K.L.:
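First the structure, which I've put down as structure tokens, then a few questions once you've had a look.
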Amino acid sequence: MRKILMIAVPAILIATAGLAASPNAAVSDAWIRALPANTPSGGYFTLTNNGGNSLTLTGATSPACGMLMLHKSDMAGGMMHMEHVTAIDIPAHGKLAFAPGGYHLMCMDASPAIKPGNNIEVTLTFKGGDTLAAKFAVRNANGR
Ligand SMILES: [Cu+2]
């Protein structure tokens, strides 16, 4: 698993370096929860679309996470469920909050860099290939 990832990451960076632009958008209040080993970590942030066109978030990557997924928590039949989502629209001049109980990033394979007090880099990917990099502060299990 790790061997494949170490090869795949530089290939992605090379492939996107000459092509990708950043959308007219900003990430704020970005943080990720550090949890005991092998427990997926939730990442939270606010995404503000400052442009006149809607944006579609299609994925996220981080060197600190083996796999980073877009998830949505929902109440169904009195139980909290999480589902994987592949596209999230942010309307023109709109804002979308990723927060506990709703949309979140899920770090499926946290590296040792996911440690309270650290910062990790996350790259958001949008439909059309644009990318936006942001620093996420690592907090403890209580979100502090
Ligand atoms: Cu999740």
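Atom set for the values below is all heavy atoms of this structure, side chains included, hydrogens, waters and symmetry mates excluded. Given the structure is predicted, the values throughout are model-derived calculations rather than measurements. Each ligand, and each atom within it, is numbered from 1 in the order the structure gives.
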K.L.:
Would you say the side chain of P23 lies within less than 4.5 Å of the side chain of L124, judging by non-hydrogen atoms?
P.N.:
no

K.L.:
Are the side chains of K72 and E83 in contact, using a 4.5 Å heavy-atom criterion?
P.N.:
yes

K.L.:
Scan for ring pair (Phe, Tyr, Trp, His ring centres under 6.0 Å) pairs involving residues 87-126, sequence neighbours excluded, and state none if there are none.
P.N.:
F45-F98, H71-H104, F98-Y103

K.L.:
Keeping to residues at least two apart or across chains, list the side-chain hydrogen bond (donor to acceptor under 3.5 Å, both in side chains) pairs with something in residues 113-124.
P.N.:
E121-K135

K.L.:
Roughly how far apart are S62 OG and L68 CG, rounded to 0.5 Å?
P.N.:
6.5 Å

K.L.:
Provide the tally of protein N/O/S atoms nearer than 2.8 Å to the Cu ion (ligand 1).
P.N.:
4

K.L.:
Tell me which donor-acceptor pairs under 3.5 Å the side chains of residues 50-59 have, and how far apart each pair is, sequence neighbours excluded?
P.N.:
| unit_1 | atom_1 | unit_2 | atom_2 | d |
| --- | --- | --- | --- | --- |
| T56 | OG1 | D89 | OD1 | 2.6 |
| T58 | OG1 | T125 | O | 3.2 |

